[in-house]
Amino acid sequence: ERRRLLDQVMGLGYPFALVDLKPAVVDHKSDTLDVTFTVDPGRHATLGKVTVKGLDHVDPDFIDKRTAFPKGKAYSPAQLDALQNDLRSLDVFSSVKVTPGTALDDQGRLPVDVEVAERDRHFIGFGANYSTNDGAGGTAYWGDRDLFGGAERLKVEADRAGIHPDNGLKGSDYTLTTNFSSPDFLRRHQDFLSNFTATDEHDPDTFDKKSATFTAGVQRHLSKALTVNAGWEIEASRIHDDNGTSDFLLSGPTGSVKYDTTRDLLNPTQGVRLEAGGEALPTWFGSSQNVFSTKSTASSYLDLSGNGNLV
């Protein structure tokens with residue numbers, strides 16, 4: 001109870017609150033036990049300057065803007081936890097330690113110290129697969145977590161599939177994908193996202209298709225659970241089938257809304273995930289034909305075992 005009471009008082013903006021438990025008083029006649037807590041809240045505090053140490057390639061100006069608290073924001077442990085999680089979400093730090101100051105400044109503000117360790121900027125990966133039906137395949141990728149110092153992320157991935165011993169690379173499929181993201185685009189917690197994908201697909205029973213697709217848009221985090229996305233898509237393709245060769249162009253806006261209350265991206269044990277999106281690629285935006293599509297998904301997770309083993 002003492003810890004819970006102290007947490008509640010600190011959550012109201014009192015970082016140096018003290019809670020003292022007085023000796024309990026027992027009344028045997030009435031079979032009662034009186035417990036008294038004495039609370040000394042100390043001075044009320046707002047959050048002050050955030051000092052970040054341990055930066056190497058990451059731009060200090062970018063981090064200063066990311067970590068700055070709104071003027072007059074009241075102190076609470078939850079705010080410091082949110083700051084720590086926010087910095088971790090950038091994916092450029094291997095560790096983030098947030099420590100509140102030990103004293104207020106003259107204006108009643110509590111300084112905050114943050115110590116970080118940066119992750120390796122570059123990462124690579126590769127893999128291979130084989131099946132008797134589809135043949136052999138492989139994938140390789142390279143990425144940069146902090147391209148220009150503002151946690152911009154670039155990933156280039158190449159994939160080859162359908163390699164058969166008789167034909168080698170002839171008739172196999174390939175995909176080249178480039179993804180780029182830039183956080184805090186124009187405003188805080190708003191990301192710029194772009195993707196370029198080039199493909200060459202072969203199906204001897206239907207058609208061959210070469211295509212290049214480019215998408216760009218903005219993703220806005222309205223809250224911890226709610227995210228909206230709006231952008232534009234352009235796809236140019238050439239399809240060859242029994243009727244000959246045809247060229248197609250698709251162009252138009254895309255958008256989506258996502259609501260996610262789960263706590264683990266890869267292994268959720270509770271919460272819900274809802275997502276709805278669509279694209280409109282009409283001829284008046286330059287498309288060869290009208291294409292409209294919508295998609296929605298919903299999932300809910302319940303931990304039946306209490307320890308995450310049965311969901």
Side-chain angles (χ1 to χ4, degrees), residues 7-8 11-13 46-47 50 58 62-93 96 98 112 114 116 143 145-146 150-155 177 179-195 197 213-233 252-281 292-304 308 311:
D7 290 342
Q8 291 178 346
L12 296 175
T46 57
L47 290 166
V50 178
V58 179
F62 165 73
I63 294 299
D64 287 344
K65 295 177 182 178
R66 184 85 179 194
T67 58
F69 290 108
K71 186 177 180 179
K73 187 71 173 180
Y75 162 86
S76 75
Q79 290 292 331
L80 300 187
D81 291 341
L83 172 62
Q84 184 179 49
N85 293 332
D86 185 54
L87 290 177
R88 285 175 173 171
S89 70
L90 294 174
D91 197 37
V92 294
F93 301 122
V96 179
V98 178
V112 178
V114 179
V116 300
R145 294 186 175 91
D146 188 34
E152 302 90 352
R153 184 182 180 93
L154 175 67
K155 182 179 180 181
T177 305
N179 287 296
F180 174 78
S181 64
S182 178
D184 293 356
F185 176 69
L186 299 181
R187 60 183 298 179
R188 190 178 180 187
H189 293 154
Q190 179 170 278
D191 305 334
F192 173 78
L193 308 175
S194 67
N195 169 273
T197 301
T213 305
F214 177 75
T215 60
V218 173
Q219 179 176 270
R220 176 70 180 161
H221 304 277
L222 299 179
S223 68
K224 185 178 180 180
L226 184 61
T227 304
V228 295
N229 189 307
W232 199 273
E233 176 180 334
T254 64
S256 65
V257 179
K258 183 177 181 180
Y259 181 74
D260 188 349
T261 62
T262 61
R263 298 181 180 179
D264 192 312
L265 178 63
L266 301 179
N267 186 32
T269 58
Q270 60 182 357
V272 297
R273 288 178 177 172
L274 307 174
E275 185 170 4
E279 58 183 12
L281 312 173
F292 302 92
S293 67
T294 59
K295 179 181 179 180
S296 61
T297 60
S299 58
S300 178
Y301 304 88
L302 178 62
D303 186 359
L304 299 178
V311 180

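Residues take their numbers from the sequence shown, with the count starting at 1.
- Between His189 and His221, the ring planes lie perpendicular to each other; the angle is over 60°, past the 30° to 60° tilted range.
- Minimum heavy-atom separation, Phe62 to Gly150: CZ-O, 3.4 Å.
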Please set out all donor-acceptor pairs under 3.5 angstrom arising from side-chain atoms of residues 222-229, sequence neighbours excluded.
unit_1 : atom_1 : unit_2 : atom_2 : d
Ser223 : OG     : Ala225 : N      : 3.4
Ser223 : OG     : Leu226 : N      : 3.1

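- More than 12 heavy atoms of other residues, nucleotides or ligands shown are found within 6.0 angstrom of CZ on Arg220.
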**Request:** Evaluate the side-chain contact (heavy atoms from CB on, under 4.5 Å) criterion for residues Val114 and Leu87: first the C-alpha distance (whole Å), next the side-chain angles of each, then the deciding distance (0.1 Å), finally the verdict.
**Result:** CA-CA 10 Å; Val114 179; Leu87 290 177; 3.8 Å; yes

**Message:** Determine whether Arg188 and Lys65 satisfy the following criterion, side-chain contact (heavy atoms from CB on, under 4.5 Å), listing intermediate values before the conclusion.
**Reply:** CA-CA 8 Å; Arg188 190 178 180 187; Lys65 295 177 182 178; over 6 Å; no

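- Considering every non-hydrogen atom in both Gly271 and Thr261, the closest pair reads CA-OG1, 3.4 Å.
- Taking OG1 of Thr215 as the reference point, atom CD of Glu233 lies at 6.5 Å (rounded to 0.5 Å).
- The backbone N or O of Phe93 sits nowhere less than 3.5 Å from a side-chain atom of Arg88 that would complete a donor-acceptor pair.
- The backbone N or O of Ala82 lies less than 3.5 Å from no partner atom in the side chain of Asp86, so there is not a single donor-acceptor pair.
- Of all heavy-atom pairs spanning Arg66 and Pro183, the tightest one is NH1-CB, 4.1 Å.
- Val50 and Phe69 make their closest contact through CG2-CE1, 3.5 Å (heavy atoms, listed as atom of the first residue, atom of the second, distance).
- Judged as a side chain to side chain contact (heavy atoms under 4.5 Å, CB included), and not counting sequence neighbours, the contacts of Ser181 are Arg153, Leu193.
- Gln84 places a side-chain N or O within 3.5 Å of a backbone atom of Val96 that can act as its donor or acceptor partner.
- Tyr301 and Thr262 get closest at one heavy-atom pair: CD1-CG2, 3.8 Å.
- A 6.0 Å sphere centred on CZ of Phe192 holds more than 12 heavy atoms belonging to other residues, nucleotides or ligands.
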